Amino acid sequence: MLSANVSVRLGVLDLDVSLEASAAEVVAVLGPNGAGKTTLLRAIAGLIPIDAGRIELDGAVLDDVARGVHVPAELRPIGVVFQDYLLFPHLTAVENVAFGLRAHGVKSGEARARAMEWLERLGIAAHAGSRPQALSGGQAQRVALARALATNPRLLLLDEPLAALDASARGEVRRELKRHLASFSGVRVLITHDPLEALALADRLVIVEAGRVVQRGSAAEVTARPRSRYVADLVGVNLLRGTAHAGEIALHAGATLRAAEPVDGEVFAVIHPRAVALHRAHPEGSPRNVWRGRAATVDLQGDRVRVRVEGDIAIVAEVTPAAVSELALAEGGEVWASVKATEIAVYPT
Amino acid sequence: MRRDRPPLAFAILAAIGVAFFLLPLLGLLYRTPWNTALAELTASEALTALRLSLVVSVAATALALLLGIPLAWIYARITFPGRDLFRALTTLPMILPPVVGGVALLFAFGRRGLVGQFLDAAFGIRIPFTTAGAVLAATFVAMPFLVLTVEAGLRSMDRRYEDAARTLGASRSLVFRRVTLPLIAPSIFAGAVLCWARALGEFGATITFAGSLPGTTQTLPLAIYNALETRPEGAVVLSLLLLAVSLAILVAMRDRYLRAF
């Protein structure tokens, strides 16, 4: 259980965030660049002092400004996977993983053996003797994960774990990472600016903007009811899980979607609410995905209206107030929703 | 690809510039008594001077590494009032006339110097006109090269590697030994070579502070100066030796390490 209350002023950044995370879930701190996410991570890891607040992990106080407590980074049971991984360039993969064990006083031979076990567990033992420069992004990430986990931390922090990878490698590495995160029994906190990454890897989201938490909740809660324009733009997307076959996606919820990309396997289908069109009757013309539903909620948010449609496929649509009056849309009213196949972005889970 | 032609004036002036450097070398080669060169080189005075030069320059480099790396670390990592002033003072020997450095050393470590009088009275230690004095003089003029190079290396390294090491449980001293030092090794190497080369060529501070005693403080440059008055052909051969060593360093360093600047 991590319980952090962190207040840090650093240049133009004024960070004041509270974060709770239990070992049962993966928490993602999501926000734009410059929101203070990395500063939060560095504060929790003990790499920078906090100006006010308290950080507690599994009952042990790591920081308590009021009582003058600050446990230095090297004494915190926290493993960090840094952005760009920061594998030591002068050490081989196995030496990188053994580094933390050696620092904890484990004898060289045993540290090496245990590091090898970790590399095997993460399926990267074949590259044990390689220098970081010779590893691909995905391989480097696994070595970084092995290095962070080898010292048996109680908390695993990941800073933008997929940002250093090119798009083609991201899907596979994300799936692997999800598996490895699931097998770690401690508290897991991941920091990212990528909503898809957060939704794919985390159970709960904490959204940070300009140093403050603007919303927190489960992925489903946050995507369904973003509390600000900003959050809506960031994560207010429809995320549907299903099994694809030649572009036809059988949703786990029951219905079927047709995407333009001929994909196969377990996928996320991401549909932006603005891509969802609403109609009073079955629409004419080209859209491939049409279904009937009921407008469960109609929320005016600034110059847009978010309409949550319940039916074969539960989906959020974003339309203009003019469209709402044209459709004579009211909560509980019947409505047809349609999405063009080309508006459905598909990512392997 | 662009192929520029130099303006005529530039070509002429540049050629004169090159000649200015090459002519002294040619003069040296022209005067080299090739038939007796080997004998001159293996003459006992020459070998004594060469051996002493190596001992003094290597000892000065070792001393500079021992004192200079911590100093560079403090300049690069710690903010304290007067840091820029301290850095300027410890860089001064790079541009100070070496003879002034020698005089200053004499007033500090000489028998009647600020510190020297106590060393003499308390321990009977007299530094001037000893090999230790020659090492001190060489360190004084050469250490700034090491400090500046290592400081630049420390400033340009990615400190997040040190953060990563700390999160893995490494103490400050372990981080320094296992992460910082290996990462700045190229800068340390480059700084040490520059420092050593400067110490090898040191003349002014040494002759002022340590004198020119054969076998004790008469390093190769001093031996050359001495020989010039008595046996010019000997001076030529020794000069050629020093020139060959310097050129070898420059060629070996050129690509791999001087890029660090």
Side-chain angles (χ1 to χ4, degrees), chain A residues 38-39 41-48 62 71-92 95-106 108 111 115 118 131-132 140 143-160, chain B residues 65 68-70 72-81 83 146 149-193 252-253 255-261:
Chain A
T38 295
T39 304
L41 176 136
R42 291 174 61 80
I44 295 173
L47 294 169
I48 51 169
L62 300 180
V71 177
E74 58 268 29
L75 299 180
R76 299 187 179 205
I78 297 178
V80 185
V81 174
F82 289 89
Q83 191 171 7
D84 315 326
Y85 312 131
L86 300 181
L87 296 175
F88 304 125
H90 56 291
L91 301 179
T92 61
E95 287 166 345
N96 263 280
V97 178
F99 185 95
L101 295 166
R102 296 284 291 131
H104 281 82
V106 177
S108 142
W118 274 104
R131 292 289 172 95
V143 176
L145 199 56
R147 184 176 71 170
L149 292 173
T151 53
N152 284 322
R154 315 284 284 271
L155 165 63
L156 180 63
L157 296 172
L158 303 105
D159 191 2
E160 304 278 4
Chain B
L65 282 167
I69 292 176
W73 188 91
I74 286 172
Y75 284 160
R77 295 290 166 79
I78 311 289
T79 310
F80 59 93
R83 181 177 64 180
L146 179 104
T149 314
V150 173
E151 187 190 341
L154 282 166
R155 285 185 183 281
S156 64
M157 81 165 267
D158 189 344
R159 293 199 59 189
R160 296 179 308 152
Y161 286 111
E162 296 177 341
D163 292 339
R166 290 186 61 207
T167 66
L168 292 166
S171 64
R172 274 161 72 107
S173 78
L174 191 66
V175 171
F176 181 73
R177 281 181 288 124
R178 293 280 320 273
V179 177
T180 314
L181 277 184
L183 287 179
I184 61 161
S187 300
I188 293 177
F189 184 81
V193 170
M253 292 246 322
D255 282 337
R256 284 193 309 173
Y257 297 108
L258 287 179
R259 289 263 165 83
F261 288 99

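Values below: every heavy atom of this structure, side chains too, minus hydrogens, waters and symmetry copies. Source: prediction; values computed, not measured.
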Check your understanding: Are the side chains of A:Leu75 and A:Leu62 in touch, meaning some heavy atoms are under 4.5 Å apart?
Key -> no
Study note, to complete from the structure: side-chain contact (heavy atoms from CB on, under 4.5 Å) filter on A:Val106, not counting sequence neighbours, yields A:Leu101, A:Glu110, A:Ala111, A:Arg114
Review point. Quick one: ring pair (Phe, Tyr, Trp, His ring centres under 6.0 Å) partners of A:Phe82, sequence neighbours excluded?
Key: none
Donor-acceptor table for chain B and chain A, threshold 3.5 Å:
unit_1, atom_1, unit_2, atom_2, d
B:Arg160, NH2, A:Asp84, OD2, 3.2
B:Asp163, OD2, A:Arg42, NH1, 2.8
B:Asp163, OD2, A:Arg42, NH2, 3.2
B:Arg166, NE, A:Glu74, OE1, 3.1
B:Arg166, NH2, A:Glu74, OE1, 3.1
B:Leu168, O, A:His104, ND1, 3.4
B:Arg178, O, A:His90, NE2, 2.8

Check your understanding: Are side-chain heavy atoms of B:Leu154 and B:Tyr75 found at a separation under 4.5 Å?
Key -> no
Check your understanding: Are B:Trp73 and B:Ile69 close enough that some pair of their side-chain heavy atoms sits under 4.5 Å apart?
Key -> no
**Study point:** Minimum heavy-atom distance between A:Leu47 and A:Ala73, given as atom pair plus value
**Key:** CD2-CB, 3.8 Å
Check your understanding: Which of the residues A:Val80, A:Leu86, A:Ile78 is involved in the greatest number of heavy-atom pairs with chain B at under 4.5 angstrom?
Key -> A:Leu86
